[in-house]
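Only one structure is covered here, and it is reproduced in the block below.
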Amino acid sequence: MVGTGGRSKGCRTCRRRKVKCDEGKPLCDRCHKAGFECGGYVEFVQFIDETSRLKSKILRRAPSPAVTSRPLYCSESPLEHAINFNFSFNSYFPLTVNPSWNENEIMTTHLLLGIFDWNGDSTSPHATWDSILLSQDNETELSTASIRALSTVYFGKMNKQPRLMREGAKQYADALKMLQIKLQWQEQAIGDDVLIAIILLATYELICLTHPKAWLSHYKGLAKLMMLRGPHRHQSGVGLALMPTIRSCIALGYLVERKRCFLEEPAWKTIPWAKRGLDSKTPTDTLHDVLCDIPGILEDLSGALSWTPNVPGNIEFTSWFIPQVLSTLESLYSWRWDWESRFPNSTFITTPVEYDIDTISLPPSPFKSIIWFRDPNRATELIVYNALRLILTRTLQITGVQQEDIQLQGVSDPLLPMEGNRNDIATEICRMVSYHLSCFRRSSGAFILVFPLNVAYLHLDPNSTAIRSWLESVMAVIADSHGFEIGRSENTPRKASDVHGGLQ
């Protein structure tokens, strides 16, 4: 039983790896030599130990009675679907693990540890999500109501408790009503509280998927508010701290719709970091610069594909469009070379069997080797890089530009620029899954995987049936074990036209 006498006194990491720990203090020397981050020691119930590091001033009053409301950006309400979920789940563990905590505190801490426990790069100017959310303790604020809705539904889904799922749906309706009121006043609408709330409400939709595109509607609403705020409001404080999350959410929303994103404008790539200097941008920030350019490329491509062969201007379009894509791809490759130079020892190759114990119900791996990371930030950056590379190289192929990819013989692992074909790159993304779904990453790793895995699926060789079948099973794990319904195969795009405007 967890926390009883006789249990190994080794560090968390060694216990997860099922190896003998040298029990060095304060950190294990075995982890250091193996290149792992030592998780420290625990001598009593692990859930209590993990949460004790967080502030306990979290959401102490029960939410006000929920009012059914339509989602702000959708034409129809998702709440009917959320409230009428038909579950046949077993009871979750009692909420009396620590009697001094109430349900709200436990569920919010569970959310922070599961999805938002992201420490970030130590050199980054961005605050951590848990510090941002823990500061939202005003009972009248929209962000507080949004935290309650998300934490309740996430806890209910992860612990198979329909009562909490229904309660979370009511709280979500209440938060939507508060959001509608705030948006009637511009000064309140462009406040930090609204930005935080919309991100949380969009995450709620990614988990519940109460309406097929409700999450996208929230992202589009977030984009409108960002345009009203302007880049200068994001030079410090919460505005700057939220930039990585905001830019990725907005850019992905525009990418799905293949519409040009305002974040591609130079002002949005420079002004937020101007006070600290552009050299303060992290590798993630620089990678997001490229991400924000891609929706516009896809919009131009979609327009060109709708033309008839002899339409006037076709040649002129190709003459400027192809160089634009090549320039963006060159920026992406430059980012990758710089990343390789700055973090030369951030990855290593291992066997999937060794780490099966660290994953949640993953199907047997079809790979002889997988890619492991020493830092979760590097893992996120590299898998997103691969997804962007696939989109850009496919765009060039659609326009008739064939790159001379190096075949997989004696090349680097992970792949460097110009190495491997599209199937190789997609396979490399799949070989990173075990790390992202390991218990070191909790559900935050699953959250990060949704976009890259969908891009990988579109670019895998149709004959790679074993890998494709395995990938579909992984997406089911993301939905069943980590809560993200958006990851389930029937809820995600399954044809290249969803990304490339209609041409396979």
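By convention here, the first residue in the shown sequence is residue 1.
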> Ignoring hydrogens and geometry, is there a side-chain-to-backbone donor-acceptor pair from Ser151 to Arg148 under 3.5 Å?
Replying inline: yes
>> Between Lys220 and Glu257, does any side-chain N to carboxylate O distance fall below 4.0 Å?
In response: yes
> Is the side chain of Ser280 donor-acceptor paired with the backbone N or O of Gly277 at a distance under 3.5 Å, no angle test?
Replying inline: yes
>> Using side-chain heavy atoms (C-beta onward) and a distance below 4.5 Å, is Ile246 in contact with Met226?
In response: yes
> Among side-chain atoms of Gln235 and Arg276, is any donor-acceptor pair under 3.5 angstrom?
Replying inline: no
>> I'd like to know if the side chain of His482 and the backbone of Phe484 have a donor-acceptor N/O pair within less than 3.5 Å.
In response: no
>> Could you work out, with salt bridge (Lys or Arg N to Asp or Glu O under 4.0 Å) as the rule, every residue matching Asp461, not counting sequence neighbours?
In response: none
> Looking at Asp424 and Arg431, does any basic side-chain N land under 4.0 Å from a carboxylate oxygen?
Replying inline: no
> Under 3.5 Å, side chain of Asn454 to main-chain N/O of Val450, donor-acceptor pair present?
Replying inline: yes
> Crowded around Gln188 CD? As in, over 12 foreign heavy atoms under 6.0 Å?
Replying inline: yes
> Of Trp335, Tyr333, Trp339, Trp337, which is the lone residue that meets ring-ring contact (aromatic ring centres under 6.0 Å, His included) with Tyr385?
Replying inline: Trp335
> Is it true that the side chains of Asn421 and Asn423 contain a donor and an acceptor less than 3.5 Å apart?
Replying inline: no
> Counting distance only, does the side-chain N/O of Glu205 pair as donor-acceptor with the main-chain N or O of Thr210 below 3.5 Å?
Replying inline: yes
>> Under the rule for salt bridge (Lys or Arg N to Asp or Glu O under 4.0 Å), what residues qualify as partners of Asp300, not counting sequence neighbours?
In response: Arg260
>> Centre-to-centre under 6.0 Å for Tyr219 and Trp215, is that the case here?
In response: yes
> For Tyr254, what residues pass the ring pair (Phe, Tyr, Trp, His ring centres under 6.0 Å) criterion, not counting sequence neighbours?
Replying inline: none
> Backbone N or O of Lys213 within a donor-acceptor pair of the Ser217 side chain at under 3.5 Å?
Replying inline: yes
> So, Tyr154 versus Ser443: side-chain donor-acceptor pair below 3.5 Å or not?
Replying inline: yes
>> Rounded at 0.5 Å granularity, tell me how far CG in Leu332 sits from CD1 in Ile391.
In response: 10.0 Å
> Are side-chain heavy atoms of Glu141 and Thr144 found at a separation under 4.5 Å?
Replying inline: yes
>> With a 4.5 Å cut-off on side-chain heavy atoms, are Leu298 and Thr395 touching?
In response: yes
> Does Arg378 make a cation-pi contact with Phe373, if we ask for NZ or CZ under 6.0 Å from the ring centre and within 45° of the axis?
Replying inline: no
>> Side chains of Asp174 and Met178, heavy atoms from C-beta outward: is any pair under 4.5 Å?
In response: yes
> Counting only heavy atoms not in Trp185, do more than 12 fall under 6.0 Å of its CH2?
Replying inline: no
> Is the shortest side-chain N to carboxylate O distance from Lys281 to Asp289 below 4.0 Å?
Replying inline: yes
> Taking atom CD1 of Ile250 and atom OG1 of Thr245, what is their separation to the nearest 0.5 Å?
Replying inline: 11.0 Å
>> Using modelled atom types and a 3.5 Å cut-off, is there a donor and acceptor pairing between side-chain atoms of Ser327 and backbone atoms of Gln324?
In response: no
> By salt bridge (Lys or Arg N to Asp or Glu O under 4.0 Å), which residues pair with Glu265, not counting sequence neighbours?
Replying inline: none
> For Phe321, what residues pass the ring pair (Phe, Tyr, Trp, His ring centres under 6.0 Å) criterion, not counting sequence neighbours?
Replying inline: Phe317
>> Do Arg258 and Ser302 pair up side chain to side chain, a donor and an acceptor below 3.5 Å, judged on atom types alone?
In response: yes
>> Could you measure the distance from the CD1 atom of Ile196 to the CD1 atom of Ile199? Nearest 0.5 Å is fine.
In response: 7.5 Å
> Under 3.5 Å, side chain of Arg247 to main-chain N/O of Leu263, donor-acceptor pair present?
Replying inline: no
> Only one of Lys170, His110, Lys157, Gln171 clears side-chain hydrogen bond (donor to acceptor under 3.5 Å, both in side chains) with Thr152; which?
Replying inline: Gln171
> Between Asp193 and Lys182, is there a salt bridge with N-O shorter than 4.0 Å?
Replying inline: yes
>> Please check: side-chain N/O of Ser464 versus main-chain N/O of Leu460, any donor-acceptor pairing under 3.5 Å?
In response: no
> Do Asp285 and Thr282 get their side chains close enough for a donor-acceptor pair, meaning under 3.5 Å?
Replying inline: yes
> Does some side-chain heavy atom of Ile371 sit less than 4.5 Å from a side-chain heavy atom of Tyr435?
Replying inline: no
> Is there a side-chain contact between Leu416 and Val411, using heavy atoms and a 4.5 Å cut-off?
Replying inline: no
> Does the pair Arg468/Glu472 count as a salt bridge with the N-to-O cut at 4.0 Å?
Replying inline: no
>> Return the CD to OG1 distance between Glu105 and Thr109, rounded to the nearest 0.5 Å.
In response: 7.0 Å
> Do the side chain of Arg229 and the main chain of Ile190 share a donor and acceptor less than 3.5 angstrom apart?
Replying inline: yes
> Hey, what do you get for CD (Gln186) to CG (Leu225), rounding to the nearest 0.5 Å?
Replying inline: 9.5 Å
> Which ring-ring contact (aromatic ring centres under 6.0 Å, His included) pairs, counting each pair once, include a residue from residues 222-252, with sequence neighbours left out?
Replying inline: none
